[in-house]
Amino acid sequence: MSKGLPKRSEDYSAWYNELVKKADLAENSPVRGSMVIKPYGFSIWEKMQSALDKMFKDTGHTNAYFPLFIPKSYLSKEADHVEGFAKECAIVTHYRLKNSEDGRGVIVDPDAKLEEELIVRPTSETVIWSTYRNWIQSYRDLPLLINQWANVVRWEMRTRLFLRTAEFLWQEGHTAHESKQEAEEETIRMLNVYAEFAENFMALPVLKGIKTENERFAGAVDTYCIEALMQDGKALQAGTSHFLGQNFAKAFDVKFANKEGGMDFVWGTSWGVSTRLIGGLIMAHSDDNGLVLPPKLAPIQVVIVPIIKGSDQLQQIAEKVEPIIKNLREKNITVKFDDRDTHKPGWKFAEYELKGVPVRLAMGPRDLENGTIEIARRDTFEKQVLPIEEAVSKIEELLKDIQENIFTKASQFRNEMTSEASSFEEFEELLETKGGFIKAHWDGTTETEERIKDKTKATIRCILLDEPEENGSCIFSGKPSKRKVVFARAY
RNA sequence: CGGGGUGUAGCGCAGUCCGGUUAGCGCACCUGGUUUGGGACCAGGGGGUCGCAGGUUCGAAUCCUGCCACCCCGACCA
């Protein structure tokens, strides 16, 4: 039993907050809205990074780095873009401090005011497109496929660890293409990369769709997204991929000489996922005992806990498990042998459950006598004792099995929590009693979307890419609708 | 910025209404010992500008005034 972790059924949001802290993932920092990502939490991010980075490289992208600071004037070059981000920017106005007159600290030196204020990037389209202008002259320079791993700042009013913080880590891909079609293909390609990552690595089933005009990225022509469902029935936008059209090319005058000898504006995309994914990972799989991590992203995949009566026994156990450890490491399975004598086995069991380590081995005096080892899995708590020679193959099997099992579990949950509403009454009823994704007809207007949001707090998460056309009438206005869209209350 | 709440040891809290020894409890921490198959036990120990600044009083964590910070609920958002 976990000590002091609230139950999901009683207070989901307290459960989440406590879990993040107790599992050593992150904590609040002295600055409101920004967090310290602790080593265990950062290890998960590193695993995400390395899997995603490989997928980006495999699709032809290379990494670069663009500056944190953006001249204020850049932001205003694309009208929708500035409109979207102006309300949440941190601004650098000065470059020097000095001792205060009363000697009680330092103050901003009024003589050190910047000619032009700098914006701490909320995203990097502007600085990147101003750079691309110099990099692109001819169709031979295209496509330009670049990604950067960076931090960004969006001054949020209300923040939550991982889900919404003022500063967060992410990757942002920015590409330039010679044709509209190519850019659109890229947008979808990266959306698919995200969906594949979510499902294969995070064991998180996602919906792929396109955002309504209202929810679209500021400056994009189309915004595509992957949407996941959390255990409390709320949706989480897990990644976005934008088709930028020629908006930024026009704003920053990025033209290229085409094959016919004329000049064209390039076509752009941008796409990103952030440390928010860690929040989604936690909320999708974990239970009242702590984290449940998919083996592919778990910082420690296997932990070995010795159960001992004296130091000579520890020595014997260490010798027995040594070949297992070696064998696992050769197979790139991360394993930790916890031989600390400062904590009892029961304490360690609870601790590693809290931290979501997928597989736990335990070896004690009985095992030494019998040549066996106990293997326990985190997702189902099943335990079994088997001959020590079978340990490694069993572990490999379990890691695969756990990865699949939690994906299946999450998929079943998502399916059970996806409903359809044919009237507004039914819609409201479903939202109140069940939550989850609700498919319903919508007349396509922002006004209706907004009014539904005001009344119910539910938003249109996306229009599914594979949703078939189907004539119907809007649940709110009764006007004709061509297809159902997906609603949910969201993070 | 509106509504509500909280500031006391690293964390969680009691004490505040009704002022009065050296400010207390649980967890965590340190030392020694016994323990170790699901969060051990015993003994000892360290750790506090009671959010800050004034004021009332013989005496303030406690009463008064002002300020600050943080949390929760709303308006904005990956």
Side-chain angles (χ1 to χ4, degrees), chain A residues 1-6 11 13-14 17-18 21-22 27-33 83-89 104 122-123 151-160 162-172 194 211 214-218 220 223-228 235-242 270-280 289-290 305-311 313-314 317 338-355 360-370 372-374 376 381 383 385 450 453-454 457 459 461 490-491:
Chain A
M1 282 294 107
S2 78
K3 219 177 183 177
L5 193 62
D11 190 341
S13 115
N17 291 335
E18 284 301 305
K21 288 176 195 157
K22 289 212 158 81
E27 62 190 33
N28 286 303
S29 82
V31 180
R32 182 191 150 77
E83 161 108 24
F85 286 105
K87 295 178 294 279
E88 48 183 14
C89 287
R104 304 220 302 192
T123 179
N151 58 340
V152 287
V153 169
R154 296 180 188 175
W155 213 263
E156 299 289 350
M157 307 298 270
R158 296 178 52 60
T159 61
R160 293 189 71 192
F162 289 118
L163 296 173
R164 175 164 296 109
T165 49
E167 178 188 2
F168 57 91
L169 305 183
W170 76 346
Q171 59 68 219
E172 45 181 327
Y194 289 154
K211 286 289 186 190
N214 201 35
E215 300 270 330
R216 190 184 292 156
F217 173 74
T223 287
Y224 295 83
C225 63
I226 53 172
E227 293 281 332
L236 181 83
Q237 182 177 128
T240 49
S241 184
H242 314 291
S270 67
W271 27 273
V273 295
S274 72
T275 37
R276 172 179 250 204
L277 288 178
I278 297 173
N289 289 288
V305 177
I307 296 155
I308 53 172
K309 291 258 189 244
S311 59
Q313 270 188 0
L314 177 60
I317 291 168
D338 188 350
D339 60 355
R340 290 177 298 174
D341 61 1
T342 50
H343 296 284
K344 289 183 60 174
W347 188 93
K348 292 178 185 175
F349 290 174
E351 180 71 4
Y352 291 112
E353 270 161 24
L354 180 64
K355 293 198 156 193
R360 183 191 73 220
L361 306 185
M363 182 179 270
R366 286 206 298 271
D367 297 303
L368 279 179
E369 237 170 73
N370 304 334
T372 55
I373 195 158
E374 181 192 86
F381 296 107
K383 285 194 274 200
V385 175
E450 284 290 325
K453 184 181 173 185
D454 289 345
K457 289 182 183 149
T459 49
R461 302 319 304 157
Y491 277 96

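Here is how names work: the chains are called A, B, and so on, in the same order as the sequence lines, proteins then strands, and each is numbered from 1.
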OP1 or OP2 of B/G74 sitting under 4.0 Å from any side-chain N/O of A/Lys457? yes
note: A/Lys348, atom NZ; B/A40, atom P; distance rounded to Å ~ 12 Å
Heavy atoms under 4.0 Å, any strand shown: does A/Asp367 hit a base, just sugar-phosphate, or nothing? base
On a whole-Å scale, what distance lies between the C1' atoms belonging to B/C18 and B/G10? 33 Å
Between atom CG in A/Leu5 and atom C1' in B/C11, what is the gap in whole Å? 15 Å
Please find the pair of heavy atoms, one from A/Phe85 and one from A/Ala218, that lie closest to each other, and give the distance. CE1-CB, 4.3 Å
Does B/U36 have a Watson-Crick or wobble partner in any strand here, with both distances under 3.5 angstrom, and which is it? none
A/Arg160 has an atom CZ; how far is it from atom C1' of B/A78, in whole Å? 14 Å
B/A43 -> Watson-Crick or G-U wobble partner, both distances under 3.5 Å, gives B/U31
For A/Thr165, report the nucleic acid contact type (base, sugar-phosphate, nothing); a contact means any heavy atom under 4.0 Å. base
Using a heavy-atom cut-off of under 4.0 Å over every strand shown, decide if A/Phe168 touches base, sugar-phosphate, or nothing. base
Does OP1 or OP2 of B/G39 have a side-chain N or O of A/Lys344 closer than 4.0 Å? no
Looking for any heavy atom pair under 4.0 Å, which part of the strands does A/Pro306 touch: base, sugar-phosphate only, or nothing? nothing
Looking at A/Lys309, does any N or O in its side chain come under 4.0 Å of the phosphate oxygens OP1/OP2 on B/G37? no
Sugar-phosphate only, base, or nothing, as touched by A/Ser274 at under 4.0 Å among non-hydrogen atoms: base
Without decimals, in angstroms, what is the distance between A/Arg340 CZ and B/U35 P? 22 Å
With a 3.5 Å cut-off and heavy atoms only, can you find an N or O donor on one side and an acceptor on the other between the side chain of A/Lys383 and the base of B/G38? yes
Pairing partner of B/G24 (Watson-Crick or G-U wobble, both distances under 3.5 Å): B/C13
Could you state the atom-to-atom distance from NE2 of A/His242 to C1' of B/A78 in whole Å? 9 Å
Presence of salt bridge, A/Lys344 and A/Glu351, under 4.0 angstrom: no
With sequence neighbours excluded, what pairs up with A/Thr275 under the side-chain hydrogen bond (donor to acceptor under 3.5 Å, both in side chains) test? none
Rounded distance in Å - CD1 (A/Ile307) to C1' (B/A40): 14 Å
Indicate, with a heavy-atom threshold strictly under 4.0 Å, whether A/Glu156 touches base, sugar-phosphate, or nothing. base
Taking salt bridge (charged side-chain N to carboxylate O under 4.0 Å, His left out) as the definition, give me every residue that meets it alongside A/Arg360, ordered by chain and number, with sequence neighbours left out. A/Glu353, A/Glu374
Any strand counts, and the cut-off is 3.5 Å on both contacts for Watson-Crick or G-U wobble. Which nucleotide pairs with B/C70? B/G5
Separation of B/A78 P from A/Tyr224 OH (nearest whole Å): 18 Å
Please determine, for B/U65, whether a Watson-Crick or G-U wobble partner exists with both distances under 3.5 Å, and give it or none. B/A53
So do the side chains of A/Glu215 and A/Thr223 get within less than 4.5 Å of each other, counting heavy atoms only? no
Report the distance from atom CD1 of A/Ile226 to atom P of B/A78, rounded to the nearest whole Å. 14 Å
Can you tell me if the side-chain N/O atoms of A/Lys87 get under 4.0 Å from OP1 or OP2 in B/C76? no
Mind checking whether A/Tyr224 and A/Phe217 have ring centres under 6.0 Å apart? no
